[in-house]
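The structure appears below as structure tokens.
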Amino acid sequence: MNAPAALKAPAGSDCAPVLKERGQREVFCGLTGIIWLHRKMQDAFFLVVGSRTCAHLIQSAAGVMIFAEPRFATAIMEERDLAGLADANEELDRIVDQLLARRPEIKSLFLVGSCPSEVIKLDLSKAAQRLSTKHAPQVRVLNYSGSGIETTFTQGEDACLEALVPEMPVLGADAPANLVIVGSLPDIVEDQFKRLFAGIGIDHVASLPERAVADLPGVGPNTRFLLAQPFLNDTAHALTKRGAHRIDALFPFGVEGTSNWLHAAAAAFGIDAAHVDAVIAPYQERARTALAHQRERLAGKTIFFMPDSQLEVPLARFLANELGMIPLEVGTPYLHTAHMAQELAALPTGVQLSEGQDVDKQLDRVRSARPDLTVCGLGLANPLEAEGLSTKWAIELVFSPIHGFDQAGDLAELFARPLRRRDVLKV
Amino acid sequence: MQLSVWTYEGPPHVGAMRVATGMKGIHYLLHSPQGDTYADLLFTMIERRDQRPPVTYTTFQARDLGKDTSQLFQDAANDLIERYAPDALLVGASCTAELIQDDPAGLVEKMGLPLPVVPLELPSYQRKEHWGAAETFYQIVRTLCDKTRTASDPAGRRPLANLLGPTALGFRNRDDIVEVTGLLDKLGVDVNVVAPLGASAADIARLGEADFNIVIYPETGDLAADYLKREFGQPAIRTVPIGVGATQDFVREVAELAGTDPEPLLAEGLSRLSWWSRSVDSNYLTGKRVFIFGDGTHAVAAARVASEEMGFKVVGLGCYNREYARDVRAAAKTYGVEPLITDDHLAVESAIEAAQPELVLGTQMERHIAKRFGIGCSVISSPVHVQDFPARYSPHMGFEGANVLFDEWVHPLVMGLEEHLLTMFRDDFEFNDSAVPSHLGPGHSVPQEQVAEPANDSEAVWSDDAQRELKKIPFFVRGKARKNTEAFAAERGVGTIELETLYEAKAHYAR
């Protein structure tokens with residue numbers, strides 16, 4: 001499985017050729033996204049149809065079990081469910097009845113496919129149709145796959161949002177132009193962006209997902225959308241098929257990314273760039289002030305990204321361009337060159353990109369490069385720290401508010417803290 | 001299918017990981033899809049291990065399924081042997097790989113690998129983590145122990161015992177081993193091998209040289225101990241030395257098997273728990289209602305300590321692992337409670353709510369439940385979280401373990417003096433309902449006000465006077481007072497609960 005793959009430079013970039021690897025991938029599966037998706041969509045419940053491993057993964061990745069009854073659960077398949085699919089479907093119906101009786105406030109139910117449900121070919125889209133009919137109009141039942149054989153970590157969100165696209169109301173050709181921000185953002189960040197767009201003069205702004213599945217925005221030929229996250233390939237494709245237009249931009253991390261993102265949206269709505277500059281100037285100034293505190297500590301420091309969330313390329317661009325860090329290798333599970341073209345062009349020349357993973361070989365490269373900071377998953381962080389290498393848990397980048405001007409300083413702080421801690425400790 | 005929110009146990013291959021990760025020079029090749037690598041973080045984050053678990057995952061994806069996943073498996077085997085050069089290899093499948101039926105055991109057999117291979121059959125859709133650990137350890141022992149190495153002539157040497165059961169991610173296993181080894185040393189008994197935690201393939205080979213086995217964690221050690229008894233005739237001690245009484249029993253049993261005298265140790269080695277419990281400050285512990293839930297071994301042990309050594313009243317007892325339910329049922333009978341055998345944490349939550357305990361002894365699940373109810377809790381069993389792997393030495397076994405239990409169980413309770421003060425100053429602004437007991441510190445939420453509504457099926461209505469009086473009762477016993485009063489009223493057909501009803505009920509239920 002470790003045969004070297006041919007090196008190939010991504011089109012239109014000035015980076016070193018992308019190192020493509022296939023081997024053991026030390027990454028989460030798409031089910032992990034349920035942890036933040038269920039907090040975002042407060043009228044939705046996520047039912048994983050899977051194994052004990054799936055249930056164990058979600059509670060382990062979440063780290064703490066803060067909620068008495070979270071809005072997610074696992075229908076754990078047992079021996080007899082594997083014997084016949086008819087029985088498995090009956091069992092699933094029974095579990096859903098049980099769940100909805102217990103949680104009558106649920107308005108949308110996602111049946112989430114897993115590795116075992118995919119392998120036994122349990123058709124969850126049929127199950128969702130059947131259960132939707134049965135429980136309409138109180139509950140809408142949708143489905144997507146968060147399985148490890150289909151999705152890597154944040155791709156689970158992509159699959160979930162893609163499943164929501166057909167549910168978005170139809171906007172006709174005569175509907176006023178609207179903007180959809182695509183990607184699950186913390187409420188505070190979403191509200192900041194909506195205030196900024198209002199200031200810029202874009203009136204109809206909504207998010208996918210909204211805080212309630214019931215409030216899904218409309219979509220039509222006058223819809224333009226901005227990706228707030230770099231891992232939403234399939235969702236973007238589905239929106240395009242419904243007539244919406246993607247606005248190409250940098251991703252909204254740091255001053256550079258956020259400014260570019262807002263400008264791109266304004267341009268698409270025919271708003272004068274000078275007006276946008278005037279609106280965002282105070283925000284940019286504030287963000288630069290916050291970044292200046294961290295720049296001192298981070299400038300000139302080397303950083304190595306293990307593949308994790310697909311946020312790696314935009315984050316490397318932010319750290320290199322705004323904080324003076326030196327990316328040694330930027331690993332990403334997948335490199336969608338189309339959505340990433342501007343990001344790749346904005347990266348410093350000669351940065352080594354890698355796609356996919358052979359974890360043992362990649363760790364060899366980390367050890368030989370000895371970066372000042374390694375961004376990696378929870379399974380690797382302590383072992384690397386024990387070897388004297390500072391690390392940043394990648395998962396925190398997905399759980400924390402890091403987008404936009406007012407979070408730029410916090411984002412930099414996430415990378416600065418491990419280094420500060422290393423300097424402080426005398427034991 | 002089973003609807004599950006949180007699980008007490010992971011899948012059986014996680015049990016196998018606990019064994020492999022605890023051992024030295026053993027590698028585990030797990031045929032599994034991408035994503036199953038999450039299990040690494042249990043060890044590196046929760047237990048703060050400074051090395052990756054010795055596990056190679058094949059991490060196949062959908063695109064591999066149409067092709068040759070068995071080739072992927074064989075390539076991974078060759079790669080890991082070259083890189084890690086383990087002394088022995090465990091091979092198995094996680095839940096998804098079990099479904100694609102690549103037969104890891106058959107695949108490696110065909111490869112003729114140059115090292116001992118232990119194939120694991122862990123049915124993911126039937127069994128769970130503890131069983132997986134026990135089965136894995138048993139298979140390792142069966143494959144790697146040298147049947148020609150048996151106990152030598154006992155003359156002229158100290159008796160030898162194996163300590164079986166501790167694993168990586170085991171609750172207090174690290175310190176319990178030290179404590180039990182110290183006890184054995186004082187009894188003149190040497191430890192031959194501790195396994196699986198810390199053992200190498202070479203150590204497993206010489207298990208047969210011990211005179212007997214001590215199963216300090218039956219959940220993971222029983223199957224191997226049974227095998228060793230059959231193969232080498234080694235008797236096994238299954239008394240788990242948690243608490244003063246159980247430790248004394250354990251000491252006597254070991255002495256009996258080893259042919260040494262337990263009395264000097266018993267005379268010297270009493271735990272401080274005995275005096276701490278008899279000292280007058282501990283009077284307030286008398287009859288504290290305690291709810292106990294965990295794995296069978298730890299739950300039964302905790303019940304005995306709670307009842308006989310702390311003077312608590314056991315108001316609930318249960319376990320999540322059915323394999324050890326029989327012991328829990330027997331113990332529950334002696335304490336006069338219904339045994340709770342379930343792995344549904346919502347059922348445990350309702351049982352705790354109904355029992356209205358003042359202290360919960362449980363796993364991290366019960367810690368969360370107790371926190372929500374505003375009840376003190378101490379953790380006595382896996383599954384546990386990062387804070388239950390303390391930096392300090394803190395065994396639960398042996399005489400020092402009993403000291404630790406006293407401290408850990410008393411700490412979450414309202415202290416004796418503080419309880420008196422609460423009663424004395426209950427109307428004082430600092431002691432009112434919204435002032436949380438000082439030992440809980442900031443960040444603990446105040447339990448929710450429940451006075452207004454009568455309990456579920458109660459018809460009785462509270463008079464204003466009675467309701468005001470009820471509010472004066474410290475919040476941590478108020479729920480019980482309310483429930484008792486309403487039950488008392490219902491029994492007597494009292495429609496309105498007056499001030500007097502409250503005190504009559506109090507007298508009725510006085511213990």
Side-chain angles (χ1 to χ4, degrees), chain A residues 1-2 23-32 49-53 55-57 59-61 63-66 68-70 72-79 81-82 88 91-92 94-95 98-99 114-116 118-120 147-150 152-153 359-360 377-383 385-386, chain B residues 1-7 9-14 32-46 48-53 56-65 71-72 75-76 79-80 83 94-96 99-100 123-126 128-129 346 349 364-365 368-369 372 385:
Chain A
M1 68 177 165
N2 300 328
Q24 179 179 319
R25 294 166 68 108
E26 184 87 12
V27 288
F28 286 130
C29 65
L31 295 181
T32 323
V49 183
S51 64
R52 183 167 298 281
T53 313
H56 200 233
L57 156 91
Q59 81 183 41
S60 305
V64 284
M65 299 176 301
I66 2 174
E69 276 197 75
F72 58 81
T74 308
I76 297 182
M77 295 195 285
E78 294 164 319
E79 196 69 12
D81 301 312
L82 305 173
E91 276 291 285
L92 180 58
R94 180 182 66 79
I95 294 276
Q98 185 188 341
L99 178 68
S114 66
C115 298
E118 303 271 328
V119 168
I120 66 166
S147 79
I149 57 175
E150 300 274 350
T152 303
F153 194 26
V359 70
D360 284 318
L378 294 171
L380 299 172
N382 268 336
E385 292 278 350
Chain B
M1 280 179 202
Q2 185 201 354
L3 185 61
S4 165
V5 180
W6 305 118
T7 67
E9 292 186 79
H13 73 258
V14 168
S32 56
Q34 170 178 272
D36 281 5
T37 52
Y38 82 87
D40 283 359
L41 75 84
L42 301 169
F43 300 90
T44 63
M45 296 304 290
I46 295 179
R48 298 180 210 255
R49 286 202 163 243
D50 60 2
Q51 288 186 1
R52 293 169 62 208
T56 293
Y57 307 79
T58 53
T59 57
F60 54 81
Q61 295 174 265
R63 62 184 175 193
D64 302 313
L65 289 178
Q71 187 61 46
L72 204 64
D75 291 347
D79 286 350
L80 82 86
R83 180 176 281 270
S94 78
C95 50
T96 306
L99 297 173
I100 61 175
S124 307
Y125 299 92
Q126 295 171 24
K128 295 178 213 164
E129 182 176 342
L346 294 174
E349 184 173 80
Q364 63 162 329
M365 310 285 192
H368 282 281
I369 294 169
R372 273 195 299 281
H385 219 286

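Residue numbering restarts at 1 for every chain, and letters A, B, ... go by the order of the sequence lines.
- Annotation for B:Ala62 and A:Glu150: closest pair CB-OE2, 4.1 Å, computed over non-hydrogen atoms.
- Closest of all the heavy-atom pairs between B:Thr7 and A:Ala55 is CG2-CB, 3.7 Å.
- Proximity to chain B (any heavy atom under 4.5 Å) is shown, for A:Leu92, by both the backbone and the side chain.
- Pairing each heavy atom of A:Pro70 with each of B:Val5, the nearest pair is CD-CG1, 3.2 Å.
- A:Glu79 contributes no side-chain N or O that, together with a main-chain N or O of B:Gln126, makes up a donor-acceptor pair within less than 3.5 Å.
- Remark: side-chain polar atoms of A:Gln24 are paired, donor with acceptor, to backbone N or O of B:Tyr57 under 3.5 angstrom.
- Of the residues considered (A:Asn382, A:Leu380, A:Ile120, A:Leu99), A:Asn382 shows the highest number of contacts with chain B, using heavy-atom pairs under 4.5 Å.
- With a 4.5 Å cut-off on non-hydrogen atoms, B:Leu42 touches chain A through its side chain but not through its backbone.
- Heavy-atom pairs under 4.5 Å with chain B were tallied for A:Ile95, A:Asp81, A:Val49, A:Leu57; the largest tally goes to A:Leu57.
- With sequence neighbours excluded, the residues forming a ring-ring contact (aromatic ring centres under 6.0 Å, His included) with A:Phe28 are A:Phe153, listed by chain and number.
- For the residue pair B:His13 and A:Thr53, the shortest heavy atom distance occurs at CE1-OG1, 3.6 Å.
- B:Ser124 places no side-chain N or O within 3.5 Å of a backbone atom of A:Arg52 that could act as its donor or acceptor partner.
- When heavy atoms are compared at a cutoff of 4.5 Å, B:Gln51 approaches chain A solely by way of its backbone atoms N, CA, C and O.
- Per-residue heavy-atom pair counts under 4.5 Å with chain A were compared for B:Gly35, B:Ser4, B:Pro33, and the maximum is reached by B:Ser4.
- Between chain B and the residues A:Cys29, A:Gly50, A:Pro116, A:Ala75, the most heavy-atom pairs under 4.5 angstrom are made by A:Pro116.
- With rounding to the nearest 0.5 angstrom, the CG atom of B:Asp36 is 7.5 Å from the OG atom of A:Ser51.
- Heavy-atom distances place both the backbone and the side chain of A:Val27 under 4.5 Å from chain B.
- In this structure, A:Gly379 and B:Thr44 approach most closely via the heavy-atom pair O-CG2, 3.2 Å.
- Counting heavy-atom pairs under 4.5 Å between each of B:Met45, B:Arg83, B:Arg49 and chain A puts B:Arg83 at the top.
- Without hydrogens or angle criteria, B:Gln34 side chain to A:Arg25 main chain gives no donor-acceptor distance under 3.5 Å.
- In terms of heavy-atom proximity, A:Glu78 sits nearest to B:Met1 at OE1-N, 3.5 Å.
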**Message:** The test is side chain to side chain contact (heavy atoms under 4.5 Å, CB included); show your working for A:Glu385 and B:Arg48 and say whether it passes.
**Reply:** CA-CA 11 Å; A:Glu385 292 278 350; B:Arg48 298 180 210 255; over 6 Å; no
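- Residues B:Arg52 and A:Val359 are in side-chain contact: their nearest non-hydrogen atoms beyond the backbone lie under 4.5 Å apart.
- Heavy atoms of A:Thr152 lying under 4.5 Å from chain B belong to its backbone as well as its side chain.
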**Message:** Run A:Val119 and B:Leu65 through side chain to side chain contact (heavy atoms under 4.5 Å, CB included) and show every step you take.
**Reply:** CA-CA 9 Å; A:Val119 168; B:Leu65 289 178; 4.3 Å; yes
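- Annotation: maximal heavy-atom pairing with chain B below 4.5 Å, among A:Leu31, A:Leu378, A:Thr32, A:Asp360, occurs at A:Asp360.
- Contacts between B:Glu9 and chain A at a heavy-atom distance below 4.5 Å involve the backbone alone (N, CA, C, O).
- Taking SG from A:Cys115 and CG from B:Leu99, the interatomic distance works out to 10.0 Å, rounded to the nearest 0.5 Å.
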